[in-house]
Amino acid sequence: MLVVLVIAAFSMGTSLTPFITAFACAVVVAITWFAGRAASAGWALVLGLVGGGAAGNLVDRLARPPGPGRGAVVDFVDVAWFAAFNLADAALTIGVAVAFVLSWRG
């Protein structure tokens, strides 16, 4: 399910902005709720990266034009051979990658 946030992180799924906004709200609330219950330092890192990235992009989606829940996320890192992104996108992607590694390792 967190893959939805990563897909949105790289300017894909722009037509799904209201859905992504609602999903990001749910992720931030869930991570806030479970943050104190992290099983290890690795999972605490995942929660911090994903929660921070989701919250960072959520602020843009709520506060920027054209209106609350429909705002555009500001991507300020432009890698010509890859994609435009921001630090929140990078945090989300790294957090999800660490979660996959932790899950794979058991």
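Bear in mind the structure is a predicted one, so any value in this text is a computation, not a measurement.
Around CZ of R105, the count of heavy atoms belonging to other residues, nucleotides or ligands within 6.0 Å does not exceed 12.
The CG atom of L87 lies 10.0 Å from the CG atom of N57; values are rounded to the nearest 0.5 Å.
In the hydrophobic clustering of this structure, V96 does not group with W104; members are Ile, Leu, Val, Met, Phe, Trp, Tyr whose side-chain heavy atoms approach within less than 4.5 Å, directly or through other members. F34 and V46 fall into different hydrophobic clusters, where Ile, Leu, Val, Met, Phe, Trp and Tyr are joined by side-chain heavy atoms under 4.5 Å apart, directly or via other members. In this structure, V59 is not a member of the same hydrophobic cluster as L62, with clusters built from ILVMFWY side-chain heavy atoms closer than 4.5 Å. No continuous path of hydrophobic side-chain contacts links V29 to I31 [ILVMFWY only; heavy atoms under 4.5 Å].
Between A54 and V28, the shortest heavy-atom contact is CB-CG2, 3.9 Å.
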Exercise. Do L45 and L102 pass the side chain to side chain contact (heavy atoms under 4.5 Å, CB included) test, and can you show the C-alpha distance, the side-chain angles, and the key distance before you say yes or no?
Worked result: CA-CA 11 Å; L45 176 67; L102 290 174; over 6 Å; no

Exercise. Going through the distances and angles, do T21 and L58 end up as a side chain to side chain contact (heavy atoms under 4.5 Å, CB included)?
Worked result: CA-CA 6 Å; T21 301; L58 183 59; 3.8 Å; yes

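A heavy-atom distance below 4.5 Å is not found between the side chains of V74 and N86. Within the 4.5 Å cutoff, no side-chain heavy atoms of D89 are placed close to those of V77. No side-chain heavy atom of W43 sits less than 4.5 Å from a side-chain heavy atom of L47.
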